[in-house]
Participant: 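Here it is, the structure, as structure tokens.
Quick caveat: nothing in here was measured; it's all calculated off a predicted structure. These numbers come from the heavy atoms of this one structure, side chains and all, not from hydrogens, waters or symmetry mates.
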Amino acid sequence: MEICKRVHAKNLVHWAKDKPEVLVLSADLTSSCEADAFRDTYPSRFFSMGIAEQNMLGFAGGLAREGWIPFVHTFAVFIYRRALDQIAMSAAYPNLPVKLVGFLPGVTTPGGATHQAIEDIAVMRALPNMTVLETGDATEVENVLQIAYEIDGPVYIRMLRGELPRLFSEPMQFGKARKLTEGDDLVLVSSGLCTEECLRTVKVLEANGIRAALYHISTLKPFSYPEIIDNIARSRYGVISLENHTVIGGLGSCLAECMAEAGVGKKLIRLGIQDQFLHGASRKYLMHEYHMDVWALLEAIEKAVGSKLNVQEADIGEVFLPEALSDAKPEAL
């Protein structure tokens with residue numbers, strides 16, 4: 001597996017080279033959000049707004065009204081919790097091209113409840129005119145800026161940073177799911193870093209006589225995937241969703257809404273953060289503690305199919321977990 005370091009930092013500089021209308025705003029987390037290379041390369045197009053997210057979002061709305069395309073950089077939790085009114089009134093209501101780049105979604109930080117964005121999808125997808133995207137590997141981090149740029153309106157991005165695996169060879173496509181495996185026994189739907197856990201799981205399912213379809217979602221709003229709903233409708237055991245977000249209002253809720261509207265009466269098991277705040281710890285610990293890893297998924301599959309699977313730890317491939325205190329700072333604050 002190819003491992004890439006500071007993907008967004010490098011890509012942002014290259015991608016923005018011929019786009020003078022693109023500006024970057026930072027809330028005193030410039031290097032932590034991999035915007036330092038942009039700052040050093042295009043200093044006249046970079047604004048350090050200080051620890052004042054509400055002002056930064058109002059400022060971004062003003063820039064967008066004047067024809068600029070601002071890409072706001074800070075930790076995800078500080079975007080939607082600190083400045084929701086400014087996002088709604090200065091970006092979403094006037095439908096302006098303000099692009100919100102949110103880092104450290106969910107369990108990707110050990111910073112505890114104050115730094116973990118666990119309900120951001122639920123909040124942001126409720127805003128009219130807002131598009132919600134999520135990256136799952138290095139390839140999607142490289143592609144997501146162009147997708148956001150081409151959308152005529154505000155966009156919220158759940159961005160990954162640090163050292164990232166390259167899971168996909170094909171670029172992200174707006175509104176398109178990646179179908180990674182075929183199967184009509186069970187459907188798995190995941191987003192963000194949780195897809196790597198699902199990929200570890202599907203490899204052992206066929207050995208247990210279960211053919212599972214696995215879909216990776218990067219566009220969370222708008223959410224329209226009739227092919228997934230059709231696959232669920234013809235499945236034997238229904239669908240399991242896995243997300244780095246609370247199960248209230250995120251990927252699992254999107255699926256439930258679509259299934260209900262389509263009249264699909266299959267079982268849905270939603271895995272992710274339950275109705276609780278998290279404590280601070282490493283990503284590996286948190287994913288296991290809060291039942292979001294491969295073992296939680298296998299347990300849910302056993303529940304769905306009604307039988308015990310013969311899976312040993314040696315059967316499961318290793319997931320890439322960078323060191324939290326490396327110079328790439330994947331989890332550090």
Participant: Measure from the side-chain N and O atoms of Thr219 to the backbone N and O of Lys221, and report whether any donor-acceptor pair falls under 3.5 Å.
Facilitator: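 Answer holds: no.
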Participant: Surrounding NE2 of His279 (heavy atoms of other residues, nucleotides or ligands, distance under 6.0 Å), is the total greater than 12?
Facilitator: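 It does: His279 NE2 has more than 12 such atoms within range.
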Participant: Are Ile51 and Leu104 joined in one hydrophobic group, where the rule is that I, L, V, M, F, W and Y side chains link up if heavy atoms are under 4.5 Å apart?
Facilitator: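 The answer is no; the residues belong to distinct hydrophobic clusters.
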Participant: Rounded to the nearest 0.5 Å, what separates atom CG in Leu251 from atom OH in Tyr215?
Facilitator: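 With rounding to 0.5 Å, CG (Leu251) is 13.5 Å from OH (Tyr215).
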Participant: Kindly say whether Val204 contributes a backbone atom to a donor-acceptor pair with the side chain of Asn208 at under 3.5 angstrom?
Facilitator: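 Yes, Asn208 side chain to Val204 backbone: donor-acceptor pair under 3.5 Å.
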Participant: Would you say Leu12 and Glu34 make side-chain contact, with heavy atoms under 4.5 Å?
Facilitator: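 SC-SC contact between Leu12 and Glu34 ruled out.
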Participant: Counting only N and O atoms by type, is there a donor-acceptor contact under 3.5 Å from the side chain of Thr41 to the main-chain atoms of Phe38?
Facilitator: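 Absent.
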Participant: Have a look at Thr201 and tell me which of Leu242, Leu298, Leu214 forms a side-chain contact (heavy atoms from CB on, under 4.5 Å) with it.
Facilitator: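 Running side-chain contact (heavy atoms from CB on, under 4.5 Å) over Leu242, Leu298, Leu214 with Thr201 returns exactly one hit, Leu298.
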Participant: Answer with yes or no whether the hydrophobic clustering places Ile248 together with Val189; edges join I, L, V, M, F, W, Y residues whose side-chain heavy atoms lie under 4.5 Å apart.
Facilitator: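 Looking at the clustering, Val189 is in a separate group from Ile248.
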Participant: Run the salt bridge (Lys or Arg N to Asp or Glu O under 4.0 Å) test on Arg6 and Asp36 for me, step by step, so that the C-alpha distance in whole Å, both residues' side-chain angles and the decisive distance to 0.1 Å come before the verdict.
Facilitator: CA-CA 11 Å; Arg6 285 176 55 85; Asp36 46 340; 2.8 Å; yes
Participant: Any ion pair linking Glu53 and Arg81 (charged N to carboxylate O, less than 4.0 Å)?
Facilitator: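 Answer for the salt bridge query: no.
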Participant: Is Lys19 atom NZ crowded by more than 12 heavy atoms from other residues, nucleotides or ligands, each under 6.0 Å away?
Facilitator: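 More than 12 heavy atoms, drawn from other residues, nucleotides or ligands, come within 6.0 Å of this atom.
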Participant: Is the ring pair Phe223/Tyr225 parallel, tilted or perpendicular, if the boundaries are 30 and 60 degrees?
Facilitator: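 Correct class here is perpendicular.
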Participant: Going from CG on Leu160 to SG on Cys4, what distance comes out if it is rounded to the nearest 0.5 angstrom?
Facilitator: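 With rounding to 0.5 Å, CG (Leu160) is 12.0 Å from SG (Cys4).
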Participant: Restricting to non-hydrogen atoms, name the atom on Ala304 and the atom on Ile269 that form the minimum distance, rounded to 0.1 Å.
Facilitator: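 Looking at all heavy atoms of both residues, the closest pair is CB-CD1, 4.1 Å.
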Participant: Looking at Phe71 versus Trp15, is the centre-to-centre ring distance below 6.0 Å?
Facilitator: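 Judged by ring-centre distance (under 6.0 Å), Phe71 and Trp15 do meet the cut-off.
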Participant: Return the CG to CG distance between Leu188 and Leu186, rounded to the nearest 0.5 Å.
Facilitator: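 Nearest 0.5 Å value for the CG-CG distance: 5.0 Å.
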Participant: Distance-only, no hydrogens or angles: does the Asp137 side chain make a donor-acceptor pair with backbone N or O of Arg166 under 3.5 Å?
Facilitator: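 No.
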Participant: For Gln274 and His291, run side chain to side chain contact (heavy atoms under 4.5 Å, CB included): C-alpha distance rounded to whole Å, both residues' side-chain angles, the deciding distance at 0.1 Å, then the answer.
Facilitator: CA-CA 9 Å; Gln274 300 303 311; His291 308 293; over 6 Å; no
Participant: Are Leu180 and Ile240 grouped together when hydrophobic residues (ILVMFWY) are joined by side-chain heavy atoms under 4.5 angstrom apart?
Facilitator: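 As far as the 4.5 Å side-chain criterion goes, Ile240 and Leu180 are connected within one cluster.
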Participant: Atom CE in Met259, atom NZ in Lys266: separation rounded to 0.5 Å?
Facilitator: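 Output value for this atom pair is 9.0 Å.
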Participant: Would you mind listing every ring pair (Phe, Tyr, Trp, His ring centres under 6.0 Å) that reaches into residues 241-268, with sequence neighbours excluded?
Facilitator: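 Output for this query is empty, none listed.
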Participant: Taking Leu100 as the starting point, is it possible to reach Tyr93 by hopping between hydrophobic residues whose side chains are less than 4.5 Å apart?
Facilitator: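 In one cluster: no.
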Participant: Main chain of Arg236, side chain of Asp185: is a donor-acceptor contact present, judged purely on distance under 3.5 Å?
Facilitator: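 Checked: no pair found.
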Participant: Identify the heavy atoms of Pro94 and Arg65 that sit nearest to each other, and give their distance.
Facilitator: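 Minimum heavy-atom contact is CB-NH2, 3.4 Å.
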Participant: Mark yes or no for whether Gln86, through its side chain, and Met56, through its backbone, hold a donor-acceptor pair below 3.5 Å.
Facilitator: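 No, the answer is negative, given that no donor and acceptor are paired below the 3.5 Å cut-off.
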Participant: In terms of hydrophobic clustering (I, L, V, M, F, W, Y; side-chain heavy atoms under 4.5 Å; direct or indirect links), are Leu220 and Leu145 co-clustered?
Facilitator: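 Same hydrophobic cluster.
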Participant: Distance check, rounded to the nearest 0.5 Å: Ile228 atom CD1 versus Ser235 atom OG?
Facilitator: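 Interatomic distance, Ile228 CD1 to Ser235 OG, rounded to 0.5 Å: 12.0 Å.
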Participant: When you compare the side chain of Leu133 with that of Arg158, does any pair of heavy atoms fall below 4.5 Å?
Facilitator: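 SC-SC contact between Arg158 and Leu133 ruled out.
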Participant: Quick one: does Glu302's side chain have a donor or acceptor within less than 3.5 Å of a partner on Leu309's backbone?
Facilitator: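 Here the side-chain-to-backbone pair exists.
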Participant: When you measure from the side chain of Thr139 to the backbone of Ser169, do you find a donor-acceptor pair of N or O atoms at a distance under 3.5 Å?
Facilitator: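 No, Thr139 side chain to Ser169 backbone: no donor-acceptor pair under 3.5 Å.
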Participant: Rounded to the nearest 0.5 Å, how far apart are CZ of Phe46 and NE2 of His73?
Facilitator: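 One gets 9.0 Å once the value is rounded to the nearest 0.5 Å.
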Participant: Hey, is the main chain of Ser32 close enough, under 3.5 Å, to the side chain of Arg161 for a donor-acceptor pair?
Facilitator: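 Confirmed, Arg161 side chain pairs with Ser32 backbone.
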Participant: Please walk me through it: do Leu84 and Leu127 pass side chain to side chain contact (heavy atoms under 4.5 Å, CB included)?
Facilitator: CA-CA 10 Å; Leu84 181 58; Leu127 286 175; 4.0 Å; yes
Participant: Where do Gly252 and Leu268 come nearest, in terms of heavy atoms and distance?
Facilitator: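 Taking every non-hydrogen atom into account, O-CD2, 3.7 Å.
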Participant: If only atom types and distance count, is the side chain of Glu140 paired as donor or acceptor with the main-chain N or O of Gly136 below 3.5 Å?
Facilitator: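 Indeed, once roles are kept as given, a pair shorter than 3.5 Å links the two residues.
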Participant: Quick one, Leu297 with Asp293, criterion side chain to side chain contact (heavy atoms under 4.5 Å, CB included). Give me CA distance, side-chain angles, the key distance, then yes/no.
Facilitator: CA-CA 6 Å; Leu297 182 55; Asp293 65 357; over 6 Å; no
Participant: Which pair of non-hydrogen atoms, one from Ser90 and one from Leu96, has the smallest distance, and what is that distance?
Facilitator: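 Between these two residues, the closest heavy atoms are O-CD1, 3.4 Å.
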